Participant: 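The structure under discussion is supplied below as structure tokens; questions concerning it will follow.
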There are 2 protein chains.
Amino acid sequence: MAAKTDDSGPVLPPAIESAWGLRERPPKGPRPGMSVPTIVDAAVRVADADGLAAVSMSRVAKELGAATMALYRYVGSKDELLMLMVDTGYGPSPGPPPPHDDWRAGLTRWAWAEHDVLRQRPWLLHVPISGPPITPQQLGWMEDGLRCLDGTTLAEGEKMSVLLLLTGYVRNEATLTSQIAEGSRATGVEPSEMMPAYGRLVARLIDPARFPALHRVLGAGVLNQDDDPDDEFTFGLDRILDGVEALIRRRAG
Amino acid sequence: MAAKTDDSGPVLPPAIESAWGLRERPPKGPRPGMSVPTIVDAAVRVADADGLAAVSMSRVAKELGAATMALYRYVGSKDELLMLMVDTGYGPSPGPPPPHDDWRAGLTRWAWAEHDVLRQRPWLLHVPISGPPITPQQLGWMEDGLRCLDGTTLAEGEKMSVLLLLTGYVRNEATLTSQIAEGSRATGVEPSEMMPAYGRLVARLIDPARFPALHRVLGAGVLNQDDDPDDEFTFGLDRILDGVEALIRRRAG
DNA sequence: GCATAACAGCGTACGCCATACGCAGAGGAG
DNA sequence: CTCCTCTGCGTATGGCGTACGCTGTTATGC
């Protein structure tokens, strides 16, 4: 016999289902004083102001003038709240690529959009990711990325791999630059002096005979000039897109 | 006047300095019952067995038959212990590239070496990275990576960028596959059924009219076939190295 | 040989965290 | 009017990192 529906699949936490607009409010009982979006917005506000480490259930509750345990009527756990924070933290996807952009321009725009979000909200990088995206806006980003590759001859699986490659790069690059900013704030050193100081430290530690290549890099003053971090981002992005281009050309034969 | 030494630079935690063999043991007082490497090894053992979340100061102390607070005579904080765990967790670098390998073969070997380490010790991915590498073995990895690019015409800064790009990719890919493994362990689902289950879930959630590209990808069964994750890794790696190759060719002009 | 001072080990205590549980009251449904 | 469900939340538990200070050990200076 065939099953009636395929709903027996993986179960979604209630708060996530409501993010997809699936849950209707039960008619009984007192009217709720808050809502999932209210809570998530408050949590995002806390993270924006004081970083992800400041986001505790009690702190979010204080932000709302409520008691800590009241939140658990709306979200099942802190992890669930974090997942929802990521969804609203990323915000709406950048939209489909402009009609006459080729895939490369489209993906560049897409990557820069994520880049900008992560520069605005570095705490997104500290949220431990526990699985593939299942929230509406996250999947919206995916959709818009896939559309950039619509006109190409890549296989569907390859399109997916390319997006994974790109988003991984963007996150990685953002992590590195945000570490510099955070380290600078923690130690009181000027952001522009952060990498040079690191260079001097490493130069003091290493033996040039055992680390010749590293010593040469330091000698070239690589860490001394403070490049525009956006140039660094563009460099890696272009390397990856060059690699994708090589693949597309090969597939197009 | 010139300063006597340049030691006035950034201060290194004592435990890290001892990892570089800089600290000598003071002559007075009772003989230490443990040592920094003993503690770090115990912590790595705990992480190997039960994951990074199980690594608490008290758990590590129990592993050594000592009291929790005894550890603080050797490491300044848990964060310091984590940094040392990363150093010994990665282990010694894969060594300089074989003499007749070109840069591409060398970097491929280098990337696979990190890949293998991260497959063996997925907890390394969960350690919050707080700055650029300053421990001996970490810098050893960097050195070996740089040597792979020795024969090329890339600028020193470009070599560094390429390594950053690569290691970021390796870590990202490892994160994704380890998430599947962890999710499978947490939910009891077969690892090979993890992605198909995810595909069915997304298919149930999205409206094909609003997510046409995503719907097409799912329809193509991209998530259904369980590819060898090593193939996926190779795919992205080759894309990146293709991009690097394009750059090297342009620089060689 | 003895006093001294540095140091190892660690017991206690503090403040913070996530969250299980159960109670009080609100407010539609019958 | 009664019941039953749902909201808000107070209390309590068990974990965490770690500051502080005590006890006992040990090599050195006298």
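Please read these numbers as outputs of a predicted model, since none were measured by experiment. In the text below, chain A, chain B and the rest are named by the order of the sequence lines, each starting its count at 1. When reading the values below, keep in mind they use all heavy atoms of this one structure, side chains included, and skip hydrogens, waters and symmetry mates.
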Participant: So which nucleotide from C:dC7, C:dA20, C:dA18 ends up closest to the side chain of A:M57?
Facilitator: C:dA18

Participant: Rounding to a whole Å, what distance do you find between A:R59:CZ and C:dA18:P?
Facilitator: 12 Å

Participant: What is the distance from CG of A:L81 to C1' of C:dA18, rounded to the nearest Å?
Facilitator: 12 Å

Participant: Considering every strand and a 4.0 Å limit on heavy-atom distances, what is the contact class for B:S58: base, sugar-phosphate, or nothing?
Facilitator: sugar-phosphate

Participant: What's the CG-C1' distance between B:L64 and C:dC10, to the nearest Å?
Facilitator: 14 Å

Participant: Return whichever of B:P30 or B:T68 has its heavy-atom-nearest nucleotide of DNA chain C closer to the 5' end.
Facilitator: B:P30

Participant: Tell me the interatomic distance from B:K62, atom NZ, to C:dG9, atom C1', rounded to whole angstroms.
Facilitator: 18 Å

Participant: So where does chain A start and stop touching DNA chain D, 5' to 3', when the test is distance under 4.0 Å to a non-hydrogen atom?
Facilitator: D:dT5 to D:dT11

Participant: For A:E17, is the CD atom crowded, meaning more than 12 foreign heavy atoms sit under 6.0 Å from it?
Facilitator: yes

Participant: When you measure from the side chain of A:Y198 to the backbone N and O of B:P133, does any donor-acceptor pair fall under 3.5 Å?
Facilitator: yes

Participant: Would you mind telling me which residue lines up with the more 5' stretch of DNA chain D, B:V55 or B:K28, judged by nearest nucleotide?
Facilitator: B:V55

Participant: Quickly work out the A:D79 CG to C:dT19 P distance and round it to whole Å.
Facilitator: 7 Å

Participant: Counting neighbours of CD on A:E193 that are heavy atoms of other residues, nucleotides or ligands and sit closer than 6.0 Å, is the number greater than 12?
Facilitator: yes

Participant: What's the CZ-P distance between B:R23 and C:dC7, to the nearest Å?
Facilitator: 11 Å

Participant: Can A:R119 and A:D230 be counted as an ion pair, charged N to O under 4.0 angstrom?
Facilitator: yes

Participant: Mind telling me whether A:W112 and A:F233 have parallel, tilted or perpendicular rings, with 30° and 60° as the class edges?
Facilitator: perpendicular

Participant: What do you reckon, are the aromatic ring centroids of A:W123 and A:H126 less than 6.0 Å apart?
Facilitator: no

Participant: Test your reading of the model: is there a side-chain donor-acceptor pair from A:T187 to the backbone of A:G183, 3.5 Å cut-off?
Facilitator: yes

Participant: Look at A:R31 and C:dG28 and indicate whether a side-chain polar atom (N or O) is within less than 4.0 Å of OP1 or OP2.
Facilitator: yes

